[in-house]
Amino acid sequence: MVVLSRHWGKTIFPISSRHSHSKPHQNHRIIPQLNLTFNNGEQQRTLLESQLVSLLDGCTHLAQLNQLHAHLFRRGLNQCSLLVAKLLRILTALNVPIHAYPRRLFDQVHNPNAFAYTALIRGYSLLGPFEESVVLYTQMRREGVRPLSFTFSALFKACSGALDVDLGRQIHAQTVYIGGYESDLFVGNTLIDMYVKCGALGCGRRVFDEMPERDVISWTSLIVAYTKSGDMDAAGELFDGLPDKDMVAWTAMITGYAQNARPREALSLFESMREAGLKTDEVTLVGVISACAQLGATKYAGWIRETCEKEGLSPNMNVVIGSALIDMHSKCGSVEEAYLIFKDMTVHNVFSYTAMILGFAMHGLADSAIKLFYEMTETEIKPNKVTFIGVLTACSHAGMIREGQRLFTKMQDEYGVTPEADHYTCMADLLGRAGHLEEALDLINSMPLEPHGGVWGALLGACRIHGNSDIAELAATHLFELEPNNIGNYLLLSNIYALVGRWSDVSKVRNLIRSRGLKKNPGCSWVEAKDGVVHEFFAGDMRHPKSKEIKDALDELLKKLKVDGYKPILSSVVYDMSDIEKERRLKSHSEKLALAFSLLTTSSDSPIMIMKNLRICEDCHIVMCGASRVMKREISVRDNMRFHHFRDGACSCGNFW
DNA sequence: TTAGGGTTAG
């Protein structure tokens, strides 16, 4: 009989997990004392195995694992399937590359059983390479080992990882060996998930419909699939029919609305969720924060901030919440507030830096964006492709051609980020906006990848600023092919023709719009009133209860501006109509209605914030400038591109937009 | 063993 009594009392350093930086642990952790009796009897051996399994459960440090493994090896227990399966699970959770140590561990086992196979399959299906899962499954079948239900769960996970629906179908057929997916709820759920992740939503739905038993996870998988495919009606129908909605199901639905540009529904659903008495966690709040950012609702944003703090999710401790809040405050108009959050955060990552850089860019603070970028490069955090979108956008909105070109080169040479079409969009915008239209065109023609609509769109936008109808035609030809249903491109081209007086071409484009059956996307602006209620205005819309007063206030304002020298920019109207008609049309623009409403309903010292779904037109831009001086008000407009802060007759964009 | 997450340009 061998008596084993050891005390491993060393200082242990925790293994770094995916999300935390590894630092020596402050409190010294002591590995529990192991005191086991062992002899050659089978019964004791089994007992020892089960004790070791539970000991492994408590292992959170690589050093502990190494010691335990050495111990197993000495006892010949490294060949025990159950223990190895357990070890493999822990190693997978610690993201240890499977093909290295975990694989060697498995290879030491003689006649591995289904648990050992499954643990390794699961490791590969979570960490890759995914194909290895299937290789192992084949080997397992060849050896005559019967698969378990969770062998299939792991295999389906591998198929979703590899996005291989054909393979998924083949494995689906194999579930006959466990009595079909209908026999096991987990298998059914992972099967749904596999189909929907591979884009075969219909197959996922069929599995769902045929399952004899479903749980909230089955429902949620499908709800998420519908939200991701943009079918919020189908998602909503399922959600309404779900009997016991848990926090995850609510969150899936809220996030779905947020991701499908329906922030109001997201926020109102969040309120219902609170009323239903459900708890909230950081994932829920991230969706809500994103909805709030889209809406630009400052009052609501403040309330969300408080909710985060109340839930113990302080932005300076939680980098995900922090990054989301930086984005929200930037989009709600307060880049200052965003920067306060950024500064107070104790942990930063590429998301928090990128959100802040984009925030600065959005507000035209190019210098701050670029400064922060260089600060970031002093840390260990590597900029990614989105970070470069941020700095390049900052340069283009500020007309900083040299800096933009320098960053574009650095991006590849120093940071190994390969430029994608989106980066070329930024560059085409940067060059084009500054009037270097030919150079922008050369850049597009020299692209190593196929330019997408964004790239040509940037060039077309630049042509509008500089009134170049020749290059515009070229860009538009590509755009009409790439984005035949995007009405914005047609309107831009006809606007450019109108600018240079080519009226017959204007009507040709208008006929093209008509023949393709395209409808103009209605311009919409909204403002948040003191009580947090959001008021919406559409161009020419007189449905607001205060319409009469709004119209009068606007007339009054325009009268004052005309005394001040304002002349309506009639070329902002694309249609060939009389000047009086054009002026009437300009007056109905939604951002002007929103401005008049704000002047009517807010105190004279409070700043005005207007949100708009489309780009602000030149005439409205001038009116906002004038209004800020004549009415002595701070006015900000967030259009679909960026913020314009109007102060004392000037705009933060420097009329460069 | 299974479900929900943050930054993207014209």
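All values derive from a computational prediction rather than experimental measurement. Note on naming: letters A, B, ... go to the chains in the order of the sequence lines (proteins, then strands), and numbering restarts at 1 for each one.
As judged by a 4.0 angstrom heavy-atom cut-off over every strand, Leu479(A) is placed among the base-contacting residues. Nucleic acid contact class of Asp193(A) (heavy atoms, under 4.0 Å, all strands): sugar-phosphate only. Within the nucleic acid shown, Gly287(A) has no heavy atom closer than 4.0 Å to any nucleic acid atom. Contact annotation for Ile389(A): base contact, defined as any heavy-atom pair under 4.0 Å involving a base atom. Among the atoms of the strands shown, base atoms are found under 4.0 Å from some heavy atom of Val386(A). Residue Arg214(A) is out of contact with every strand shown, counting any heavy-atom pair closer than 4.0 Å. Residue-level contact check: Met253(A) touches neither bases nor backbone, having no heavy atom under 4.0 Å from any strand. At a threshold of 4.0 angstrom between heavy atoms, the contacts of Thr425(A) are confined to the sugar-phosphate backbone, with no base atom among them. At the heavy-atom level, His397(A) lies under 4.0 Å from the strands shown only through sugar-phosphate atoms. Contact annotation for Val187(A): no contact, since no heavy-atom pair falls under 4.0 Å across all strands. At the heavy-atom level, Lys228(A) lies under 4.0 Å from the strands shown only through sugar-phosphate atoms. Across all strands, Thr284(A) comes closer than 4.0 Å to base atoms (heavy-atom distances). Residue contacts shown for Glu483(A) include a base, since a base heavy atom lies under 4.0 Å away. Using a 4.0 Å heavy-atom distance criterion, Gly256(A) is classed as making no nucleic acid contact.
Nearest nucleotide to the Val216(A) side chain, out of dG4(B), dA9(B), dA3(B): dA3(B). Relative to the side chain of Val283(A), the nucleotides dT7(B), dG4(B), dG10(B) differ in distance, and dG4(B) lies closest. Nearest nucleotide to the side chain of Lys157(A), out of dT2(B), dG10(B), dT7(B): dT2(B). Distances were taken from every side-chain heavy atom of Cys426(A) (C-beta onward) to each of dA9(B), dG4(B), dT1(B); the shortest belongs to dA9(B). In this structure, of dA3(B), dT7(B), dG10(B), it is dA3(B) that holds the atom nearest to the side chain of Ser221(A). The side chain of Arg615(A) lies closest to dG10(B), out of dG10(B), dA3(B), dG5(B). Distances were taken from every side-chain heavy atom of Thr393(A) (C-beta onward) to each of dG5(B), dA9(B), dA3(B); the shortest belongs to dA9(B). Taking only side-chain atoms of Asn489(A), from C-beta outward, the nucleotide of dG10(B), dA9(B), dT7(B) with the closest atom is dG10(B). The Val320(A) side chain lies nearest to dG6(B) when the options are dG6(B), dG10(B), dT7(B). Closest approach to the Phe186(A) side chain among dT2(B), dA9(B), dG10(B) is made by dT2(B) (side chain taken as heavy atoms from C-beta onward).
Rounded to whole Å, atom P of dG10(B) lies 12 Å from atom CG of Leu492(A). When rounded to the nearest whole Å, the span between CH2 of Trp456(A) and C1' of dA9(B) equals 17 Å. We find that NZ of Lys331(A) is positioned 12 Å from C1' of dA9(B), with the value rounded to whole Å. At whole-Å resolution of the value, CG in Asp429(A) and C1' in dT8(B) are 14 Å apart. Protein atom NZ of Lys245(A) is 16 Å distant from nucleotide atom C1' of dG4(B), rounded to whole Å. Rounded to whole Å, atom C1' of dA3(B) lies 14 Å from atom CH2 of Trp219(A). Atom P of nucleotide dG4(B) and atom CE of Met232(A) are separated by 15 Å, given to the nearest angstrom.
You'll find the side chain of Phe152(A) reaches within 4.5 Å of the side chain of Tyr137(A), heavy atoms only.
Between Glu311(A) and Arg274(A) there is a salt bridge, since a side-chain N of the basic residue sits under 4.0 Å from a carboxylate O of the acidic one. With salt bridges taken as basic N to acidic carboxylate O contacts below 4.0 Å, one links Glu337(A) and Arg305(A).
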CA sep, side-chain torsions, deciding dist, call: Lys410(A), Glu403(A), salt bridge (Lys or Arg N to Asp or Glu O under 4.0 Å): CA-CA 10 Å; Lys410(A) 268 191 182 202; Glu403(A) 184 62 36; over 6 Å; no
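The base of dT2(B) has none of its N or O atoms less than 3.5 Å from a complementary donor or acceptor on the side chain of Thr190(A).
His329(A) has no side-chain polar atom (N or O) that falls below the 4.0 Å cut-off from OP1 or OP2 of dT7(B). Phosphate proximity of dG10(B) to Arg433(A): present, with a side-chain N or O under 4.0 Å from OP1 or OP2. Distances shown here put a side-chain N or O of Gln259(A) below 4.0 Å from the OP1 or OP2 atom of dG6(B).
Remark: Glu210(A) CD is packed, more than 12 non-hydrogen atoms of other residues, nucleotides or ligands lying under 6.0 Å away.
Of the possible donor and acceptor atoms, none in the side chain of His172(A) sits under 3.5 Å from a partner among the backbone N and O of Gly180(A). Between the His452(A) side chain and the Gly454(A) main chain, a donor and an acceptor come within less than 3.5 Å of each other.
With Cys292(A) as the partner, the side chain to side chain contact (heavy atoms under 4.5 Å, CB included) test is satisfied by one option alone out of Asp327(A), Leu285(A), Ile304(A): Ile304(A).
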